[in-house]
Amino acid sequence: MSNLNQDRSPIEAALEEFHLNRVVPFDVPGHKRGKGNTELTAFLGQRCMSLDVNSMRPLDNLCHPVSVIKEGEELAAEAFGAGYAFFMVGGTTSAVQAMVFTACKRGDKLILPRNVHRSVINAMVLNGAVPVYVDPAVDKRLGISLGMSVKDLEKAIKENPDAKAVLVNNPTYYGICSDIKTITELAHKNGMLMLADEAHGTHFYFGENLPLSAMAAGADMAAVSMHKSGGSLTQSSFLLTGKSMNSGRVRQIINLTQTTSGSYLLLSSLDISRKNLAVNGKNIFKKVCALADYARGEINRIGDYYAFSGEIINGDSIFDFDTTKLSVNTVETGLAGIEVYDVLRDEYDIQIEFGDMDNLLAYISVGDRERDVERLVGAMAEIRRLYKKDKTGMMISEYIAPKVEITPQDAFYAEKESLPLDQAVGRICSEFVMCYPPGIPILAPGERVTNDIVSYIKYAKEKGSFLTGAEDMKTDRLNVIK
């Protein structure tokens with residue numbers, strides 16, 4: 001029986017006590033509780049600035065926690081059902097990179113789907129791990145990549161028995177979930193670690209009737225974006241590990257790249273948000289699910305839009321669906337998802353999460369209200385009425401299987417030259433190209449540039465997608481290996 005009290009937030013309590021003591025600061029940060037930067041204090045507020053403090057004995061140390069941060073980590077581990085939980089203040093990117101660095105060193109193979117977030121491939125650029133991609137299935141109607149098929153994973157493991165780990169993104173940005181329990185069992189049966197990018201799955205740990213979480217499935221490590229659906233401040237996340245992992249070694253890996261000046265604003269937001277979800281999570285996500293279901297129903301009644309949900313489950317590449325995700329296919333309106341995204345923002349003052357070639361995603365969370373959803377639905381109905389056009393000529397997003405020629409690290413650091421897009425066809429790319437969000441690379445270092453890829457990049461630019469990753473900010477040129 002645990003003696004931990006989930007109604008407690010120890011970092012918050014320590015900061016409150018520190019604030020009351022009115023300690024005179026002769027340490028960093030240099031703004032000295034806001035007195036040295038009055039404009040910033042006026043903008044952010046005195047309370048915020050007074051709590052932007054440095055690590056010290058009463059407040060513990062993120063790199064080597066022994067008191068209040070340690071207690072906060074223990075509370076988080078219990079709340080998430082993990083062996084250990086680490087506070088991450090470099091975003092879930094830093095948690096994903098810590099997973100890859102822990103599982104693999106230079107030359108080690110990592111089995112993963114190609115539709116991963118760029119942070120995974122970035123990690124392989126940094127440490128020299130070798131990707132073994134499992135091409136995801138594609139829903140041609142929706143134009144989205146799906147989850148990892150168990151049969152495809154079995155084939156990859158058979159062909160690469162020396163791989164050190166399997167990584168799966170669960171759920172995807174669109175809400176697609178793989179059979180994470182069977183995948184975990186398969187990885188362990190073959191002596192491999194199981195890593196989960198759960199950037200969009202915080203609520204799996206606290207809601208009811210939601211897909212299985214990575215820790216519940218027996219995964220070894222999971223990166224969880226607490227700031228996405230958990231309510232904490234942007235850039236704050238948790239790295240969770242199973243009970244069999246060496247937490248001391250994992251902390252050493254984290255400390256290779258994570259800041260030594262952890263923000264107490266971020267740390268306390270994780271602490272308070274964990275408390276809130278542990279105590280109130282079931283009710284919170286019951287309301288979120290109901291609101292998302294209501295929005296789906298209303299959008300589907302408009303016509304032409306398709307807000308998809310659990311009906312697309314096929315038991316394999318779509319093993320389950322995260323019903324909190326309001327993913328909407330826009331193809332039948334003749335508009336790309338990114339076009340609807342732009343109109344919502346520019347003409348209706350509604351900011352949704354992202355739009356791609358075929359879909360858009362409106363993120364529904366604890367902070368949303370029914371009247372906000374009504375406004376979104378009304379705007380989408382009006383956009384269909386005013387802007388609907390013939391869908392002829394629209395490009396349906398197909399998964400373009402990468403032709404991986406060399407490792408991401410070797411390609412990224414190789415001698416390179418810059419070429420116009422069309423002239424880069426046939427060459428090996430040495431940089432990233434991706435629409436952000438969702439941040440899934442169209443091209444990654446070490447992959448051969450093809451006509452299909454160039455056509456997709458041009459189409460994405462034409463529709464107004466925000467392309468990032470390339471040295472050329474306009475993505476008119478690509479860096480390729482000499």
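Any value given below was found using the heavy atoms of this structure, including those in side chains, with hydrogens, waters and symmetry copies removed.
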Using a strict threshold of under 4.0 Å (side-chain N to carboxylate O), is an ion pair present between [Y] and [X]?
{"X": "R251", "Y": "E73", "value": "yes"}
{"X": "K325", "Y": "E353", "value": "no"}
{"X": "R47", "Y": "E16", "value": "yes"}
{"X": "D108", "Y": "K105", "value": "yes"}
{"X": "D342", "Y": "R345", "value": "no"}
{"X": "K275", "Y": "D271", "value": "no"}

Using every non-hydrogen atom in the two residues, find where [X] and [Y] come nearest and quote the distance to one decimal.
{"X": "A163", "Y": "M192", "value": "O-CG, 3.3 Å"}
{"X": "L376", "Y": "A362", "value": "CD2-CB, 3.9 Å"}
{"X": "I338", "Y": "K463", "value": "CG2-O, 3.4 Å"}
{"X": "A85", "Y": "L240", "value": "CB-CD2, 3.7 Å"}

With ring centroids as reference points, do Y174 and F354 lie under 6.0 angstrom apart? yes
Is [X] reaching over with its side chain to a backbone N or O of [Y], donor-acceptor style, under 3.5 angstrom?
{"X": "N169", "Y": "A196", "result": "no"}
{"X": "E339", "Y": "A336", "result": "yes"}
{"X": "N280", "Y": "I284", "result": "no"}
{"X": "T259", "Y": "S261", "result": "yes"}
{"X": "S178", "Y": "G147", "result": "no"}
{"X": "S50", "Y": "Q46", "result": "yes"}
{"X": "K32", "Y": "P25", "result": "yes"}
{"X": "T330", "Y": "L335", "result": "yes"}

For D316, check salt bridge (Lys or Arg N to Asp or Glu O under 4.0 Å) against everything at least two apart and list the hits. none
In terms of the angle between their ring planes, are [X] and [Y] parallel, tilted or perpendicular, with boundaries placed at 30° and 60°?
{"X": "F87", "Y": "F238", "value": "tilted"}
{"X": "F412", "Y": "F432", "value": "tilted"}
{"X": "F80", "Y": "Y205", "value": "perpendicular"}

Would L112 and Y133 count as a side chain to side chain contact (heavy atoms under 4.5 Å, CB included) here? Give the steps. CA-CA 5 Å; L112 69 164; Y133 290 126; 3.9 Å; yes
Would the number of heavy atoms belonging to other residues, nucleotides or ligands and lying under 6.0 Å from CD of E39 be above 12? no
Within-4.5 Å side-chain heavy-atom neighbours: S236 and L267: no
